[in-house]
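Just so it is clear, the values below take in all heavy atoms, side chains as well, and ignore hydrogens, waters and symmetry mates.
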Amino acid sequence: MTSPTAILLVSCPDQPGLVAKVANFIYSNGGNIIHADQHTDASAGLFLMRIEWQLDGFNLPREVISVAWQAIAQPLNAQWELHFSDETPRIAIWVSKQDHCLFDLIWRQRAGEFAAEIPLIISNHPNLGAIAQQFGIDYHLIPITPDTKPQQEAKQLELLRHHRIDLVVLAKYMQVLSADFIAQFPRVINIHHSFLPAFAGANPYQRAYERGVKIIGATAHYVTQDLDEGPIIEQDVVRVSHRDQVTDLIRKGKDLERIVLARAVRYHLQNRVLVYGNRTVVFA
């Protein structure tokens, strides 16, 4: 779609007529709806919706849409976000020593799979600085120790503000973000293998191999104060067999991490994810 669109994400207590109210808001202002999807979580009593319409011919200037919609949303006790397709989000990728997810995200962005900019890479190790230099991306080495964590996270937050970052992607960044950091910058996506919590800590693939696992998976989720327990955006699995060695498990795990993280980032950038509680609805 070449003409810009508006995307509205809505969640509110379920009640009759919600689809009609949202659609009528767009129709009454001359909008042409091109995508609409909704879900009702009966156990939570919640209605969730993603609706997208063309801005060409829409009677309300984009700076007025939020005010006009809020008049409708407030009586519904709705939580909502409004986005525009021609906005270009800015991503910071955080890494440690592994490069597979970093390379994959940069390649997809350069190939046009992501409508985003990647102006910043942050790492607690120097290993991947050459990759940033290769692609002309600003690289900042910020080592973390328990004693320096508050001061170093303050530097990270300042870099995010300086580069006007909209989303942080932890592409195998092997550090735990503090609750204070997450409170100040909650838009963070992480990727990890699916052996958690059974094989937490060091050498999970070796221990999974010794246990004789038959499935490897990967999980991408939003980061919360609870380690690796944030709302899940995307997951996938691949089978392994007795013929696979530890190196095969690692290779398959890295392949899945690339794919699952890329999907999660794409869904987020396309404003297809609604979070409620510790769950998500992904209108993929």
So, the side chain of [X] versus the backbone of [Y]: is there a donor-acceptor pair under 3.5 Å, distance only?
| X | Y | answer |
| --- | --- | --- |
| R272 | F283 | yes |
| S96 | M174 | yes |
| T40 | A42 | no |
| D14 | F47 | no |
| T280 | V282 | no |
| R50 | N271 | yes |
| Q15 | P13 | yes |

request  = Check whether the side chains of H35 and D37 place a donor and an acceptor atom closer than 3.5 Å, and report yes or no.
outcome  =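 H35 vs D37: no donor-acceptor pair found between side chains.
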message = Ignoring hydrogens and geometry beyond distance, is a side-chain donor-acceptor pair present between E113 and W107 at under 3.5 Å?
response = no
inquiry  = Is the shortest side-chain heavy-atom distance between D228 and H221 below 4.5 Å?
reply    = yes
query = Is the shortest heavy-atom distance from the side chain of F181 to the side chain of L160 under 4.5 Å?
reply = yes
Answer yes or no: are there more than 12 heavy-atom neighbours, outside [X] itself, under 6.0 Å from its atom [atom1]?
| X | atom1 | answer |
| --- | --- | --- |
| Y27 | OH | no |
| R110 | CZ | yes |
| Q206 | CD | yes |
| Q74 | CD | no |
| H39 | NE2 | yes |

key: Ionic contact status for K254 with E257, cut-off 4.0 Å   = no
key: Results of side-chain hydrogen bond (donor to acceptor under 3.5 Å, both in side chains) for N278 - residues two or more places apart only   =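 With sequence neighbours excluded, N278 shows a side-chain hydrogen bond (donor to acceptor under 3.5 Å, both in side chains) to no residue whatsoever.
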Looking at every non-hydrogen atom in both residues, tell me the closest pair between [X] and [Y] and how far apart they are.
| X | Y | result |
| --- | --- | --- |
| P119 | I165 | CG-CD1, 3.8 Å |
| A132 | I121 | CB-CD1, 3.8 Å |
| Y205 | L249 | CE2-O, 3.3 Å |
| L167 | L269 | CD2-CD2, 4.3 Å |
| A6 | L82 | CB-CD1, 4.3 Å |

task = Measure the CG-CG distance between L105 and L261 for me, rounded to the nearest 0.5 Å.
result =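 The CG atom of L261 is 5.0 Å from CG of L105, to the nearest 0.5 Å.
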message = According to side chain to side chain donor-acceptor pair (under 3.5 Å), does anything in residues 173-186 pair up with another residue at least two apart or in another chain? List the pairs.
response = E153-S178, Q156-Y173, D180-Q184
Applying a strict under-4.5 Å side-chain criterion to I, L, V, M, F, W and Y, I'd like to know whether [X] and [Y] cluster together.
| X | Y | result |
| --- | --- | --- |
| I93 | V188 | no |
| F135 | I91 | yes |
| M49 | L46 | no |
| I131 | I191 | yes |

request  = Indicate the ring-plane relationship of W53 and F58, choosing parallel, tilted or perpendicular according to the 30° and 60° boundaries.
outcome  = tilted
Ring pair (Phe, Tyr, Trp, His ring centres under 6.0 Å) involving Y139 - partner list, sequence neighbours excluded =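 In terms of ring pair (Phe, Tyr, Trp, His ring centres under 6.0 Å), with neighbours along the sequence ignored, Y139 is linked to no residue.
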task = Decide side chain to side chain donor-acceptor pair (under 3.5 Å) for E117 and T88; before the verdict, give the C-alpha distance in whole Å, the side-chain angles of both, and the deciding distance to 0.1 Å.
result = CA-CA 7 Å; E117 297 176 2; T88 304; 5.2 Å; no
message = The test is salt bridge (Lys or Arg N to Asp or Glu O under 4.0 Å); show your working for E158 and R161 and say whether it passes.
response = CA-CA 5 Å; E158 177 57 34; R161 287 189 289 266; 3.3 Å; yes
request  = Check the pair Q152, K149 against side chain to side chain donor-acceptor pair (under 3.5 Å), reporting the backbone distance first and the verdict last.
outcome  = CA-CA 5 Å; Q152 299 297 68; K149 193 178 188 70; over 6 Å; no
inquiry  = Does the structure place the NZ or CZ of R211 under 6.0 Å from the centre of the six-membered ring of Y209, at an angle of no more than 45° from the ring's axis?
reply    = no
key: R251 and D248: CA distance, side-chain angles, deciding distance, salt bridge (Lys or Arg N to Asp or Glu O under 4.0 Å) verdict   = CA-CA 5 Å; R251 172 178 52 80; D248 298 311; 3.4 Å; yes
